[in-house]
Engineer: 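First the structure, which I've put down as structure tokens, then a few questions once you've had a look.
The structure presented is a predicted model; accordingly, all values stated were derived computationally and were not measured.
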Amino acid sequence: MAELVPSKFQGTSPVDIPIVDLSNNEDLVARAVVKASEEWGMFLVVNHGIPTELMRRLKELGTEFFELPEKEKEAVARPADSMDLEGYTTDYEKDKEGRKTWADHLFHRVWPASRINYRFWPKNSPDYRHEEVNEEYAREIKKQSEKIMGWLSEGLGLHRDALKEGLGGETVEYLMKIIFYPPCPKLELLYGAPHHTDLNGITFLIADEVDGLQAYQDNKWVDVKYDDSSIVVIIADQIKRMSNGRYKSGEHRVTMDTVRTRLSWPVFAEPNLDHVVGPLAELVIDDAPKFKPYVYREYKKEKKNMAESVPSKFQGTSPVDIPIVDLSNPNEDLVARAVVKASETWGMFQVVNHGVPIELMRRLKELGTEFFELPEKEKEAVARPADSTDLEGYTTDYKKDGEGRKTWADHLFHRKIMGWLSEGLGLHRDALKEGLGGEKVEYLMKIIFYPPCPKLELLYGAPHHTDLNGITFLIADEVDGLQAYQDNKWVDVKYDDSGIVVIIADQIKRMSNGRYKSGEHRATMDMVRTRLSWPVFAEPNLDHVVGPLPELVVDDAPKFKPYVYREYKFLKMNKLPLEIETTPLPLLLDAGKARGRRRREICYIFLMVSLALSQSSRLVSCFALTQSVSLDLVPSKLEQTFVVSAQVFKTTGTASFTGVSRKSCTRSTFHLLPYSEFALHMCFRLSQERVA
């Protein structure tokens, strides 16, 4: 589910990132640096020895540059045909969720001297190039970098220069990036920088007094707090890769301010573009390498492509395969343990020798392929009706399978995998099956036709997501396309005609209270060939309630709230918050005597008032105590609708409500955007009166 940008710089956790005092005992400091790099991939250093006045002057000169007229800044602009990063640029582009990133950058190398190109250094102040500011700061950062990499090397049981040498030794380059984030009055539209990790080796960052940096830890955003003298250290991709995953690559993002500009000064230590970086040889003697070596130029190119567009071909960034489980192994205990481990660590695995006849799978594929080769008119004969609230039919994503063709998934689901997963939780064999609805579990087949696409940068087959059902079983034709997301990398899912991909989905994750993962995946397309896949989704009945199994929350707090499955699907498919407490709020607004516009406004105030009453980004449920109200503000079908409940989400200002028609006694759910400024104003006024 895509997340919303906070309405102000605001993390969701009171925890601070680790702080390391470099003036302390060196052995204690080294251990603190190693621990922070293993657990967070980010920490704050204080008492580091870099003069505060030098840092103040560096910020002053950078600020002066961004105050220049645009014409003077353009004098050091990055050339349009340049393959390098150096120069002044503006970054304004959409991310995958449709939000934009916006920031101005001045990027230039500061070390080694042989790689500095003064063509891209500002010309407005001689002091900018002065040895006592930028170049002196670069020398100080280089010393800090080598000191910290030395402690990290020793933390791996290696000699002090191991990581420095792995990054390129004396050829390591240091790049300064001064980032200017303009104010933004509509923060829901923009990021300063989206959720990411740095692709270099290690980053040192200072910033002005405007908050904005957040770290991602334990599935929460944490505000990074710093002052004029502290430096944020971010472990980046290449140290993670050299350490074979022992150290984390710090996940972070930047939000913007509604009225103030924000500047930051990261310095990136990175290899020469032609240097090869991979797991250090000493770390893969006993353990398998988790990452393949890359020429750094190719790594940068591939990560940029993965972040900004669909890969030009089905292509993961890791040589690792998803787990494969052989169900014919006579030792069922080993098979069960393999299923449990794969579900805990990947949320996805492939089963082979499963007992489902290959001829049955072949015929299933053949029939699906024949359907999509029919003329459009014949396919439309089984189209989903326009007014249907169900998912079945052509042009929708799902098609429920008949009893005869359900058997292969039914065999795996009921008799084996769910039982092993239940026992892996220490529960009886049918625990998860019963939690999902027992014999009422429904199976839905989705035959997916991906047409060829000559411009793959424009389209996904399916974007990065998790399935919202219980468990998914997937077979596909011979055209590659499925990828799994693991350890911040996309992994190609390789299968043949007889393999079945099993994907753990949201409801098993929720029932297991987070013990099992919901497998993250996506599908890419092919330039010239069509691709078909046949997933079968096992899911609860729409009215079934799913949440953490009671036996798993005796000693541990529940991580997820129970949901009626219909409600869960609605929230996730509409990208609304899920794990949020809802507060009942009795409310009475009598619109009976109002007429015209005033009547419509009062009706809408009923839906919006909880927005003002909520002091944080929480959903607030409002239960109407009104009599029948004519809501003629939107579609005519709302006439004479008795309002049953409403929900408002503060950040987006949108509302949804459920009503029952007096004429047909049918229940419907409607979704509204803010009706008018007047309604919002009245909503806040009523809220203040109520509080008073």
Engineer: List for me each residue that meets side chain to side chain donor-acceptor pair (under 3.5 Å) alongside Tyr226, sequence neighbours excluded, and say none if there are none.
Structural biologist: Arg262
Engineer: For the side chain of Asp198 and the backbone of Asn200, is there at least one donor-acceptor N/O pair under 3.5 Å apart?
Structural biologist: no
Engineer: At their closest point, which heavy atom of Pro122 faces which heavy atom of Leu106, and how far apart are they?
Structural biologist: CG-CD2, 3.5 Å
Engineer: Just wondering, do Leu283 and Leu156 contact through their side chains at under 4.5 Å, heavy atoms?
Structural biologist: yes
Engineer: When you measure from the side chain of Lys59 to the backbone of Ala207, do you find a donor-acceptor pair of N or O atoms at a distance under 3.5 Å?
Structural biologist: yes
Engineer: So, taking the atom named CD1 in Ile141 and the one named CE in Met176, what distance separates them when rounded to the nearest 0.5 Å?
Structural biologist: 8.0 Å
Engineer: Using the salt bridge (Lys or Arg N to Asp or Glu O under 4.0 Å) definition, which of the options Arg109, Lys177, Arg78 pairs with Glu86?
Structural biologist: Arg109
Engineer: When rounded to the nearest 0.5 angstrom, what is the spacing between NE2 in His252 and OG1 in Thr197?
Structural biologist: 7.5 Å
Engineer: Honestly, is Arg139 close enough over Trp111, meaning NZ or CZ under 6.0 Å from the six-membered ring centre and within 45° of the axis?
Structural biologist: no
Engineer: Would you sort out whether Arg260 and Glu209 count as a salt bridge (Lys or Arg N to Asp or Glu O under 4.0 Å), showing the intermediate values?
Structural biologist: CA-CA 10 Å; Arg260 295 179 297 174; Glu209 72 282 356; 5.3 Å; no
Engineer: Val76 versus Trp121: any side-chain heavy-atom pair under 4.5 Å?
Structural biologist: no
Engineer: For the CD1 atom of Ile202 and the CG atom of Leu163, what is their distance to the nearest 0.5 Å?
Structural biologist: 9.0 Å
Engineer: Take Met42 and Val232 through the test side-chain contact (heavy atoms from CB on, under 4.5 Å) and record every step on the way to the result.
Structural biologist: CA-CA 7 Å; Met42 186 183 301; Val232 181; 4.0 Å; yes
Engineer: Would you find a donor on one side and an acceptor on the other, under 3.5 Å apart, between the side chain of Asn25 and the backbone of Leu28?
Structural biologist: yes
Engineer: Just grab all the ring-ring contact (aromatic ring centres under 6.0 Å, His included) pairs involving residues 41-63, residues at least two apart or on different chains.
Structural biologist: none
Engineer: So, His105 versus Tyr88, ring centres under 6.0 angstrom or not?
Structural biologist: no
Engineer: Can you find a heavy atom in the side chain of Val295 that is under 4.5 Å from one in the side chain of His275?
Structural biologist: no
Engineer: Could you walk me through whether Glu38 and Lys248 pass the salt bridge (Lys or Arg N to Asp or Glu O under 4.0 Å) test, one step at a time?
Structural biologist: CA-CA 6 Å; Glu38 289 175 336; Lys248 284 184 67 173; over 6 Å; no
Engineer: With sequence neighbours excluded, give me every salt bridge (charged side-chain N to carboxylate O under 4.0 Å, His left out) pair touching residues 149-159.
Structural biologist: Glu154-Arg160
Engineer: Quick one, Lys240 and Asn488 - any side-chain contact, counting heavy atoms below 4.5 Å?
Structural biologist: yes
Engineer: So which atom in Leu263 and which in Gly62 form the shortest heavy-atom distance, rounded to 0.1 Å?
Structural biologist: CD2-O, 4.2 Å
Engineer: Is the closest basic N to carboxylate O distance between Lys143 and Glu140 below 4.0 Å?
Structural biologist: yes
Engineer: Does a side-chain heavy-atom distance below 4.5 Å link Phe107 with Thr89?
Structural biologist: no
Engineer: Could you tell me whether His464 and Tyr485 have their ring centroids closer than 6.0 angstrom?
Structural biologist: yes
Engineer: Which value, rounded to the nearest 0.5 Å, describes the distance between His465 atom NE2 and Asp506 atom CG?
Structural biologist: 9.5 Å
Engineer: Tyr299 versus Val277: any side-chain heavy-atom pair under 4.5 Å?
Structural biologist: no
Engineer: Please report the C-alpha distance between Asp228 and Arg56 in whole Å, then the side-chain angles of each, then the deciding distance to 0.1 Å, and finally whether the salt bridge (Lys or Arg N to Asp or Glu O under 4.0 Å) criterion is met.
Structural biologist: CA-CA 8 Å; Asp228 286 345; Arg56 186 198 64 78; over 6 Å; no
Engineer: Please assess Val46 against Leu22 for the test side-chain contact (heavy atoms from CB on, under 4.5 Å), listing each intermediate value before the final yes or no.
Structural biologist: CA-CA 6 Å; Val46 297; Leu22 298 191; over 6 Å; no
Engineer: Can a donor-acceptor pair be found, under 3.5 Å and without considering hydrogens, that links the side chain of Arg510 to the backbone of Lys561?
Structural biologist: yes
Engineer: Between Glu136 (side chain only) and Leu54 (backbone N and O only), is there a donor and an acceptor less than 3.5 Å apart?
Structural biologist: no
Engineer: Heavy atoms, side chains only, cut-off 4.5 Å: are Phe291 and Lys489 in contact?
Structural biologist: yes
Engineer: Between Ser153 and His159, which heavy-atom pair has the shortest distance, and what is it?
Structural biologist: CB-O, 3.2 Å
Engineer: Mind listing the closest non-hydrogen atom pair of Phe349 and Ser343 along with its distance?
Structural biologist: CE2-OG, 3.5 Å
Engineer: With no hydrogens and no angle check, is any side-chain donor or acceptor of Arg515 less than 3.5 Å from a backbone partner on Gly424?
Structural biologist: yes
Engineer: Taking Gln486 for the side chain and Thr345 for the main chain, is one N or O donor matched with an acceptor at less than 3.5 Å?
Structural biologist: yes
Engineer: Determine whether Val267 and Leu175 satisfy the following criterion, side-chain contact (heavy atoms from CB on, under 4.5 Å), listing intermediate values before the conclusion.
Structural biologist: CA-CA 5 Å; Val267 173; Leu175 297 91; over 6 Å; no
Engineer: Go through Tyr174 and Ser145 one step at a time and tell me if the side-chain hydrogen bond (donor to acceptor under 3.5 Å, both in side chains) criterion holds.
Structural biologist: CA-CA 10 Å; Tyr174 291 80; Ser145 172; 3.2 Å; yes
Engineer: Has Tyr247 got a side-chain atom pairing as donor or acceptor with Val34's backbone, closer than 3.5 angstrom?
Structural biologist: no
Engineer: If I compare all heavy atoms of Glu170 with all of Glu146, which pair ends up nearest, and what's the gap?
Structural biologist: OE2-OE2, 4.5 Å
Engineer: Could you walk me through whether Thr472 and Val502 satisfy the side-chain contact (heavy atoms from CB on, under 4.5 Å) test, starting with their C-alpha distance in whole Å, then the side-chain angles of each, then the deciding distance to 0.1 Å, before giving a yes or no?
Structural biologist: CA-CA 6 Å; Thr472 303; Val502 180; over 6 Å; no
Engineer: Which heavy-atom pair separates Gln214 from Asp223 by the least distance, and what is that distance?
Structural biologist: NE2-OD1, 3.4 Å
Engineer: Evaluate the side-chain proximity of Trp265 to Ile179: yes if any heavy-atom separation is below 4.5 Å, no if none is.
Structural biologist: no
Engineer: Atom CD of Glu135 and atom CD1 of Ile116: how far apart are they, to the nearest 0.5 Å?
Structural biologist: 5.0 Å
Engineer: Working to the nearest 0.5 Å, report the span between NZ of Lys559 and CG of Leu552.
Structural biologist: 10.5 Å
